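Notes to accompany the following structure.
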Amino acid sequence: MYKTLPPAGPARPSAEEANEAIRHLVETRVDDEWPSAAYEFLLGEWAAATREEIGTAAARR
């Protein structure tokens with residue numbers, strides 16, 4: 001019937017882009033403190049992108 005429009009605003013990164021951002025965060029930290037808030041945010045972005053990419057791939061079948 002009717003489809004809901006995607007939310008307006010900036011697009012989410014792809015799973016690959018989010019993964020690269022996580023890798024960059026880990027490789028460039030300068031002290032022994034773990035940036036947990038940034039990591040959790042990026043992990044959420046990666047998870048959302050992964051779900052979206054899997055859903056898109058399944059819809060193409």
Side-chain angles (χ1 to χ4, degrees):
M1 195 159 177
Y2 296 106
K3 292 174 78 175
T4 303
L5 295 174
R12 279 206 144 101
S14 69
E16 183 178 343
E17 290 168 329
N19 191 40
E20 286 299 316
I22 291 169
R23 184 173 287 120
H24 179 74
L25 177 69
V26 171
E27 291 174 351
T28 60
R29 61 186 195 141
V30 293
D31 55 16
D32 291 332
E33 197 169 315
W34 180 247
S36 59
Y39 178 75
E40 288 175 13
F41 173 78
L42 290 172
L43 191 58
E45 291 291 297
W46 175 84
T50 301
R51 282 192 301 272
E52 184 176 311
E53 289 173 13
I54 289 172
T56 301
R60 290 182 186 157
R61 291 185 185 175

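Please read all numbers here as calculations on a predicted model, not as lab measurements.
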What side-chain donor-acceptor pairs closer than 3.5 Å can you find for residues 38-49, not counting sequence neighbours?
from	atom 1	to	atom 2	distance (Å)
E45	OE2	R12	NE	3.3
E45	OE2	R12	NH2	3.4

ask   = Applying salt bridge (Lys or Arg N to Asp or Glu O under 4.0 Å), which residue pairs with at least one partner in residues 19-28 are found, sequence neighbours left out?
value = E20-R23
Mind listing the side-chain donor-acceptor pairs of residues 28-36 below 3.5 Å, one per line with the distance, residues two or more places apart or on another chain?
from	atom 1	to	atom 2	distance (Å)
T28	OG1	H24	O	2.6
D31	OD1	E33	N	3.2

